[in-house]
Asker: 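Sharing a structure with you now.
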Amino acid sequence: MRKNLVAGNWKMNTSFQEAKKLASEVANMVKDEEISGVEVVICVPFPYLSVASKLSEGTGVKVGAQNCSQKASGAYTGEVSVTMLKSMEVPYVVIGHSERREYFSESNELLTEKIDIALANDLTPIFCCGESLETREAGDHFEFVCQQLTESLFHLTAEQLQKLVIAYEPIWAIGTGKTASAEQAQEMHAKLRSHLANQYGNEVAEEISILYGGSVKPNNAKEIFAGKDVDGGLVGGASLDSRGFVDIIKSF
Ligand code: PEP
């Protein structure tokens with residue numbers, strides 16, 4: 001169901017001590033400042049999921065993993081399965097982040113498997129898509145991102161599709177300090193929603209939350225979130241500062 005959502009992606013950052021401090025600060029601020037009308041998720045490194053869940057209990061903050069294996073279980077040393085995440089009651093998992101696509105060669109095809117296994121285990125995938133600077137400068141960005149959706153998601157039923165969240169993250173804006181303008185974000189989100197509507201109908205497309213990610217900061221979040229097809233953000237660097245992250249959430 002479409003909802004406003006802000007997810008922090010801590011990436012491969014924080015020591016255990018730092019993670020506990022950050023998770024409890026975010027959880028306490030969200031609770032004490034009575035934030036409502038927006039789902040708050042912190043996507044922490046795998047080893048910290050358990051403690052982050054515990055520290056978030058009763059505060060409204062949910063936890064998410066940053067990746068999962070496409071395999072259910074077995075001899076896959078170093079991998080983390082969705083069944084493990086499910087057994088720890090982790091509700092969200094980021095799938096297809098551009099860093100995984102780039103550094104770990106994750107293809108649209110592989111991501112279909114991850115999406116399928118996550119949905120089959122009742123986890124909500126936050127499916128990332130987005131174009132490189134080269135693709136944008138060539139004017140192929142709409143076609144490229146729509147193709148990512150077609151290839152990784154369009155095998156799903158409408159019912160399955162409505163269980164996931166999409167995050168549009170232009171690669172040229174991730175960790176670069178260069179944000180897409182509010183107009184560029186809204187324009188792409190509207191395009192993605194109409195691409196979903198062409199395949200699944202308007203009613204279904206209107207139910208999907210589409211987040212924007214790429215150098216979202218407390219000073220630009222309000223403008224970006226104002227787009228009518230922008231339902232929140234996936235926040236990397238700025239989610240490592242509890243006050244800044246909560247200020248981003250409060251931009252709604
Ligand atoms: C991200 O990691 O998904 C991200 C958007 O990073 P940043 O906010 O640092 O650009």
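Remember, it's 1-based here, ligands and their atoms both numbered in the order they're listed. For the single chain, residues carry numbers from 1 onward in sequence order. Quick caveat, the model's predicted, so the values are computed rather than measured. As a basis for the values below, the full set of heavy atoms in this structure was taken, side chains included, without hydrogen atoms, waters or symmetry mates.
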Asker: Classify the side-chain pair His141/Ser132 by whether it contains a donor and acceptor separated by less than 3.5 Å.
Answerer: no
Asker: Write out the protein residues near ligand 1, meaning a non-hydrogen atom under 4.0 Å from one of its atoms, in order of chain and number.
Answerer: Asn9, Lys11, His97, Glu169, Ala173, Ile174, Gly175, Gly213, Gly214, Ser215, Leu234, Val235, Gly236, Gly237
Asker: Please tell me whether Glu18 and Tyr48 have a donor and an acceptor in their side chains that are separated by less than 3.5 angstrom.
Answerer: no
Asker: Give a yes-or-no answer on whether the side chains of Thr135 and Asp140 include a donor-acceptor pair shorter than 3.5 Å.
Answerer: no
Asker: Can you name the closest pair of heavy atoms from Trp10 and Ala23 and give their distance?
Answerer: CH2-N, 3.8 Å
Asker: Do Phe154 and Tyr200 have ring centroids that are under 6.0 Å from one another?
Answerer: yes
Asker: My understanding is that only one of Gln162, Met1, Arg2 makes a side-chain contact (heavy atoms from CB on, under 4.5 Å) with Ile208; could you say which?
Answerer: Gln162
